[in-house]
Each structure stands twice: as C-alpha cells, then as structure tokens.
Number of protein chains: 2
Amino acid sequence: MNAPSRRKFRREGEDRRRQDLIEATLDSVAEYGLQGATLRTIALRAGVTAGLIRHYFPGKEELLQAAYAALVGRMTEQAKAALVMEGASPRRRLAAFVTANLSTPIIDARVFSLWATFIGRANADPTLAHAHREGYLGFRNEVEAVVAEVLAAEQRKPDASQLRRHAIAINALIDGLWIEGCLAGEIFAPGELAAIGIRAVEAELGLAPERGEQ
Amino acid sequence: MNAPSRRKFRREGEDRRRQDLIEATLDSVAEYGLQGATLRTIALRAGVTAGLIRHYFPGKEELLQAAYAALVGRMTEQAKAALVMEGASPRRRLAAFVTANLSTPIIDARVFSLWATFIGRANADPTLAHAHREGYLGFRNEVEAVVAEVLAAEQRKPDASQLRRHAIAINALIDGLWIEGCLAGEIFAPGELAAIGIRAVEAELGLAPERGEQ
DNA sequence: AGGCTATTTATACACTTGCGCAACAAGGCC
DNA sequence: GGCCTTGTTGCGCAAGTGTATAAATAGCCT
C-alpha cells in the first residue's frame, strides 16, 4: 500500500549549499559545542540529510575547518570595517574603532562562544594556533597604525617599541572588554564598555581629555 | 591454561581517588577537548578502569562540573595569592599583582585551553555562566580594592563610579594580556607583558612614572 | 518530451560512547 | 588467619558516531 515515499528535495547551487552547511555548523557548535555538533545535527539544521555533507566536504574535520575560517574571516572583516572613516580625525577614528569593537554586532554571545570553543583547541591544533596568530597580529597592526596617526596629529614622535607597547596594551584592553561584554553584557550600562574603553585608551596614549568630558 | 587473570589494583582513599580523577579529567580536556575527554580516556590517565568513575560520580556531567569547579578554584586562588604582600606600598602591591597574573604559573597554555573550552559552553550552560560571573566579580573587586588603596596613598578621592571604571578597565587589560601570553607567549620578550601591563595600569590611574623609568 | 547527470536521500557498517551490573579481591577487623 | 565490606574490575548493551555506497530524482540540455 504505502508506496515507499522518499523525501522531497531541491537542488541548490554549490556555493549556496556550502554556505548553508557552514552556517549550520557554526550554529550547532555555538549551541551544543564541538561534541554536540554531529553531522546529523548539522544536516538537520541545514535542512538536508547527513550523507550530503560528504558530497561537499571530504570529512567532518574539513567542514569544521571551513567553518572556523568563515568565522575568523567575518570577525576580522567587521573589526577592520570600523576603521574606514574617511575625513575624520585620527582621534575620532580611534574612538569609533573602540566603540565598534565593544558594541553589537561584535559584542555577541554566539560569536564569543564560537571563538572560545575553537581557540580552546589551539594548543592541540597548530592550524588553529596559526590562524589565531595571523588574526591577532593583523588586528594589532591596525591598532598600531591608528595609534601612530593619533600621536603624529599630536606632534609626538614615538619610537617603534613605544608604538608596539601601546598597540599590545590597547589590543589587550579591547579583547578583555569584549569578553566581558559578550559573557555578561547585562551587568554593564549601554555604552558603558565603549566609554570605559575610550577613556582607558586615551589614558594609555597620554591624551588630554577632550573638552566636554569631565 | 590461561587462568583468567584479573588486573591488580590498589584501593585508594576516597579523596585521593576523586582528586586523581578530576586531574585526569582536566588533563584529558586540555589535550583532546571536551569531545575527546571520554570516560575511558580519563580512566586510562587516572590508572583505573572506566567503570570506577561511576563509583565516585553520578555521571560524566558531574565529573566535568567538579573538574571545572576545581579549575576555577585554583585559578582564583593563585590570582589572589599575589595580593598578600604585607608591608609593601599599595603601588608595589598592585605592580606585583599585575606581574604575577602575567607570569607563570598563571600564564599557562594548558590552563588557558581549559578556560576557553569550558567558557565556550557558558551560553548553553547557566551553571558555567554563573560560575564565571562570580569569579569575575570577585577578581574585579580585588582589583578595585587595591586601586582604592593606591589612589588613597596618592591623596586622591575617587568616587565609586570612577573606581568601578578603573577596575573594569584594569581587569580587562590583565585578561587580554593573559590571553596573548598563553596563546603566543613566544612572540613576547620575557617580562614584556608584565612591563606593558604595569605601564598601562599606571597610565589608567594617572600615576606619574616612578623614578628610574623613562 | 525524454534522457543524462550530478545532487540528494536512504541504508548499512564498524566503531565508540556513557552507563548498568555481576563478579572479584584488597585490606581492615575480629 | 578467616571473614566482610566495598573499592574495583570486566563485560555487555543500546544509542549514537563518522564514513561508505547504492538507489532515486530534480532539473538542465537538446
């Protein structure tokens, strides 16, 4: 009687499917962790069956690597995007950079969860460690460049090691505030983290408070 | 012929076994991640068989929770230990605190790996989120207390919100530097992170450089 | 309209997982 | 020294894992 009914499906373009699978993977990892992100869970979320994954990726590991690469790419892209404010003074660009990195969408519990989950494996997986270091140094160089501009606009001539120290400290400050914002955003007033960040960065650089600030 | 030989074993005190199992769990998680930390792996590392674990813990989840509690306890204990320098000036105590948190044994890739692995689950597991928040606020309060002492010694009277902002910024700075030290300690000179941290903290608090510094 | 092909499903398989349970023996007690 | 408690082992089990592969079908090409 029952004709053995097979599930209906639609064919999607290769890029679209890969993208969907990667997104489903990130969702699964964020929600259930690496151990809970099984091929069946991922496939369910992507609206396909588990077998299909192997049509697009050689194995689970490659899927996870692709997902991590996509995550890192998105994070760095967003972070750097805050720097392209043409025409603004270096100091305002720096402030906008700090603010952007301490507000949505960069302050985001899901992204933090993903970051922590993957970076926790950096010890065991040199690929992850390398990817992190590249991202970190890239980010820090951006910071260093803006810092150089800000100080130059103030007629100050820092040497390379001073610049490096400033960049390391500011980078650490932003990272630390980012973590707290992601993990416990509710215990801070809206905009509070950004305000604290800007204040601390300006103190680090020895900038006099702008008029209007107390 | 072969008498069915059974593995020899020793009976251990309850506390000792639990401790060993927790340590084996932390080792396994640090090395293989949550997914690789199976009961059999953990038992092997602890030198027992998997079945024994259920004699000490209701299930795997409880073992992991106990392991996380042990980790957090050790971390906060170590961090706070750096503050008990009786007789030293507040400013020196603060500097010692920063230095301790940015040197071994607190700068440690294994501990970082564990921290990241567990904290990545904080979104999904309210227990973890709560444990983190308690630890964070406790740590921040310690920072705030030392900051208050330092500023008092400088005849300054910060109000509560200024104190809070200082503590949040300094905490974030230490966290961010700690992460980099754990993840990529080799790209920093020995003591460099601590020096950067102290410098940044003093800038945040508006302290004049001590004589002897440039 | 009808076939071709590559996407997609479905099922099978070997393996691992956490957990349950009965047998065993280590070491204190009398 | 023999017994008794209970820490500990060894094995089994059902559920779930990643991978392999055959069968089906969606959608383009002519």
Side-chain angles (χ1 to χ4, degrees), chain A residues 2-29 31-68 117 121 124-125, chain B residues 2-29 31-68 117 121 124-125:
Chain A
N2 278 338
S5 80
R6 210 180 161 86
R7 171 178 174 163
K8 299 288 185 237
F9 61 91
R10 270 201 337 141
R11 296 188 165 200
E12 293 284 356
E14 175 168 343
D15 289 344
R16 170 67 186 275
R17 268 281 189 257
R18 295 179 78 94
Q19 190 79 6
D20 284 351
L21 286 174
I22 286 176
E23 207 55 45
T25 303
L26 291 176
D27 282 342
S28 299
V29 172
E31 189 155 351
Y32 311 109
L34 274 177
Q35 48 178 343
T38 70
L39 290 182
R40 285 165 178 84
T41 301
I42 294 169
L44 182 66
R45 214 178 259 265
V48 298
T49 55
L52 183 61
I53 293 181
R54 295 236 354 173
H55 192 76
Y56 290 95
F57 298 92
K60 190 191 181 185
E61 189 163 322
E62 286 81 4
L63 172 59
L64 285 173
Q65 284 173 2
Y68 180 66
T117 301
R121 305 295 316 126
D125 187 343
Chain B
N2 278 336
S5 79
R6 207 177 164 85
R7 171 178 175 167
K8 299 288 186 237
F9 61 92
R10 272 204 332 145
R11 297 190 164 198
E12 293 285 355
E14 174 167 342
D15 288 345
R16 171 67 185 275
R17 269 280 190 258
R18 295 180 77 94
Q19 192 77 6
D20 284 351
L21 286 174
I22 286 176
E23 207 55 43
T25 303
L26 290 176
D27 282 342
S28 300
V29 172
E31 190 155 351
Y32 311 110
L34 275 177
Q35 48 179 344
T38 70
L39 290 183
R40 285 167 177 83
T41 301
I42 294 169
L44 181 67
R45 211 179 261 266
V48 298
T49 54
L52 184 61
I53 293 181
R54 293 236 356 172
H55 193 77
Y56 290 94
F57 298 91
K60 190 190 181 186
E61 188 163 322
E62 286 80 5
L63 172 60
L64 286 174
Q65 285 173 2
Y68 180 66
T117 301
R121 306 295 313 126
D125 187 342

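On a predicted model such as this, the values are computed, not experimentally measured, just so you know. Because only heavy atoms are used, hydrogens play no part in the values below, and waters and symmetry mates are left out as well, while side chains stay in. In what follows, every chain begins at residue 1, and chains take the letters A, B, ... in the order their sequences are listed.
Note: CG (A/L39) to P (C/dA12) measures 19 Å, nearest angstrom. Following rounding to the nearest Å, A/F57 (CZ) and D/dA20 (P) show an atom-to-atom distance of 16 Å. Nucleotide C/dT8 holds its P atom 10 Å from the CG atom of A/D20, rounded to whole Å. Separating the NZ atom of A/K60 from the C1' atom of D/dG16 is a distance of 12 Å, rounded to the nearest angstrom. Counting to the nearest Å, the P atom of C/dT17 and the CG atom of B/L64 are 14 Å from each other. Rounded to whole Å, the distance from CG on B/L21 to P on D/dG7 is 13 Å. With rounding to whole Å, B/R18 atom CZ is found 11 Å from D/dG7 atom P. What separates CZ of A/R54 from P of D/dT21 is a distance of 9 Å, to the nearest Å.
Sparse packing is recorded around CD of B/E61, with 12 or fewer heavy atoms of other residues, nucleotides or ligands lying under 6.0 Å away. In this structure, B/Q65 places its CD atom where more than 12 heavy-atom neighbours from other residues, nucleotides or ligands lie under 6.0 Å away.
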So which protein N/O to nucleotides 8-11 of chain D N/O distances come out below 3.5 Å?
residue: D/dT8; atom: OP1; partner: B/R10; partner atom: O; Å: 2.9
residue: D/dT8; atom: OP1; partner: B/E12; partner atom: N; Å: 2.7
residue: D/dT8; atom: OP1; partner: B/R17; partner atom: NE; Å: 3.2
residue: D/dT8; atom: OP1; partner: B/R17; partner atom: NH2; Å: 2.9
residue: D/dT8; atom: OP2; partner: B/R17; partner atom: NE; Å: 3.1
residue: D/dT8; atom: OP2; partner: B/Y56; partner atom: OH; Å: 2.5
residue: D/dT9; atom: OP2; partner: B/T49; partner atom: N; Å: 3.0
residue: D/dT9; atom: OP2; partner: B/T49; partner atom: OG1; Å: 2.9
residue: D/dT9; atom: O5'; partner: B/T49; partner atom: OG1; Å: 3.3
residue: D/dT9; atom: O2; partner: B/R6; partner atom: NH2; Å: 2.4
residue: D/dG10; atom: OP1; partner: B/R7; partner atom: N; Å: 2.8

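Take B/D125 and apply the salt bridge (charged side-chain N to carboxylate O under 4.0 Å, His left out) test, not counting sequence neighbours, and it matches no residue. B/A124 pairs by the side-chain contact (heavy atoms from CB on, under 4.5 Å) definition with B/R121, not counting sequence neighbours.
In this structure, OG1 on B/T117 lies 10.0 Å from CD on B/Q35, to the nearest 0.5 angstrom.
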#### Entry: Audit row: B/Y56, B/D20, side-chain contact (heavy atoms from CB on, under 4.5 Å) steps and yes/no
CA-CA 11 Å; B/Y56 290 94; B/D20 284 351; over 6 Å; no

